[in-house]
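Report on the structure given below.
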Amino acid sequence: MEKNIFEKIIDREIPADIIYEDKISIAFKDINPQAPIHILIIPKKRIEMPEHIDENDKDIVGHLFVIAKKIAIDLGLKDGYRLVMNNGEIAGQSVFHIHLHLLSGRRLSWPPG
Ligand code: 5GP
């Protein structure tokens with residue numbers, strides 16, 4: 001199966017500004033940031049869409065949130081931040097390897113567009 005763009009980042013085949021990595025996950029700055037802080041936290045396991053997450057992935061997906069919290073603390077995001085995971089093209093998913101967006105550094109409107 002051909003690697004997706006995030007698998008190429010995991011394998012260092014394309015560059016990214018990586019800020020965190022462990023056995024399960026990796027986090028890097030979004031190439032097209034939508035806020036002053038915009039980080040993507042992704043699993044190393046290939047899961048194409050949130051709707052493909054199954055029982056066996058619970059620890060992996062939970063881990064992404066733990067790492068997002070750790071990054072938020074490390075960056076001192078005391079005023080808040082948003083965690084978002086898009087499922088499907090209509091929701092804005094453009095890369096089909098699940099990823100948690102961590103957005104902060106400005107007031108974020110709700111509902112999102
Ligand atoms: P989605 O639209 O699927 O929820 O989010 C995909 C995100 O990946 C987008 O915010 C987009 O800017 C980011 N992205 C796409 N390609 C790359 C890349 O090659 N490097 C990095 N760092 N981010 C990327």
Side-chain angles (χ1 to χ4, degrees):
M1 206 183 298
E2 195 183 325
K3 288 181 190 176
N4 63 50
I5 195 140
F6 287 175
E7 288 175 309
K8 289 178 183 172
I9 287 174
I10 293 166
D11 292 342
R12 306 307 201 268
E13 290 174 12
I14 62 168
D17 196 344
I18 294 167
I19 61 161
Y20 178 84
E21 181 170 21
D22 59 31
K23 274 191 203 163
I24 298 169
S25 68
I26 187 165
F28 49 89
K29 293 183 181 174
D30 196 292
I31 204 168
N32 181 24
Q34 301 301 309
I37 305 285
H38 189 172
I39 292 161
L40 303 172
I41 303 111
I42 75 168
K44 290 187 172 174
K45 178 180 175 183
R46 181 184 180 122
I47 303 171
E48 293 186 359
M49 296 174 72
E51 70 185 33
H52 297 145
I53 295 166
D54 68 26
E55 284 287 318
N56 298 324
D57 299 321
K58 283 193 293 194
D59 286 350
I60 293 174
V61 176
H63 185 76
L64 302 182
F65 283 86
V66 172
I67 297 308
K69 185 192 84 169
K70 176 183 163 29
I71 291 170
I73 291 169
D74 289 350
L75 295 179
L77 305 181
K78 293 191 180 68
D79 293 335
Y81 53 90
R82 182 173 293 168
L83 299 175
V84 185
M85 191 178 281
N86 296 321
N87 183 80
E89 188 270 331
I90 200 172
Q93 185 176 7
S94 59
V95 176
F96 287 80
H97 181 116
I98 65 165
H99 46 281
L100 197 54
H101 294 260
L102 187 161
L103 296 142
S104 189
R106 67 170 172 84
R107 182 164 290 279
L108 299 164
S109 60
W110 192 263

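Every number for a ligand or one of its atoms is a count from 1 in the order of the listing.
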In the protein, which heavy atom is nearest to [atom], and how far is it?
atom: atom 22 (N) of ligand 1; value: Lys29 O, 2.9 Å
atom: atom 23 (N) of ligand 1; value: Ile31 N, 3.2 Å
atom: atom 11 (C) of ligand 1; value: Asp30 OD1, 3.4 Å
atom: atom 6 (C) of ligand 1; value: His99 NE2, 3.4 Å

Looking at ligand 1, would [X] count as a contact under a 4.0 Å heavy-atom criterion?
X: Val84; value: no
X: Phe6; value: yes
X: Gly92; value: yes
X: His101; value: yes

Between [X] and ligand 1, find which residue part has any heavy-atom pair under 4.0 Å and reply side chain, backbone, both or neither.
X: Asp17; result: neither
X: Phe28; result: side chain
X: Val95; result: both
X: Ser94; result: both
X: Gln34; result: neither

Note to self: How about CD on Glu13, more than 12 heavy atoms from neighbouring residues, nucleotides or ligands closer than 6.0 Å, or not?
What the structure shows: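 Yes, the 6.0 Å shell around CD holds more than 12 heavy atoms from other groups.
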Next item on the list: Taking Glu7 for its side chain and His97 for its backbone only, find out whether a donor-acceptor pair lies under 3.5 Å.
Entry: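 Pair absent, no side-chain N/O of Glu7 close to backbone of His97.
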Check: With sequence neighbours excluded, what pairs up with His52 under the ring-ring contact (aromatic ring centres under 6.0 Å, His included) test?
Finding: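 ring-ring contact (aromatic ring centres under 6.0 Å, His included) check on His52 returns nothing, list empty.
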Margin query: Taking ring-ring contact (aromatic ring centres under 6.0 Å, His included) as the definition, give me every residue that meets it alongside Tyr81, ordered by chain and number, with sequence neighbours left out.
Written below: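 Residues passing ring-ring contact (aromatic ring centres under 6.0 Å, His included) with Tyr81: none at all.
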Next item on the list: Please work out which of the three classes, parallel, tilted or perpendicular, describes the rings of His38 and His101, given edges at 30° and 60°.
Entry: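 Answer is tilted, since the angle falls between 30° and 60°.
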Item checked: Beyond-backbone contact of Ile42 with Val95, side-chain heavy atoms, under 4.5 angstrom ->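 SC-SC contact between Ile42 and Val95 ruled out.
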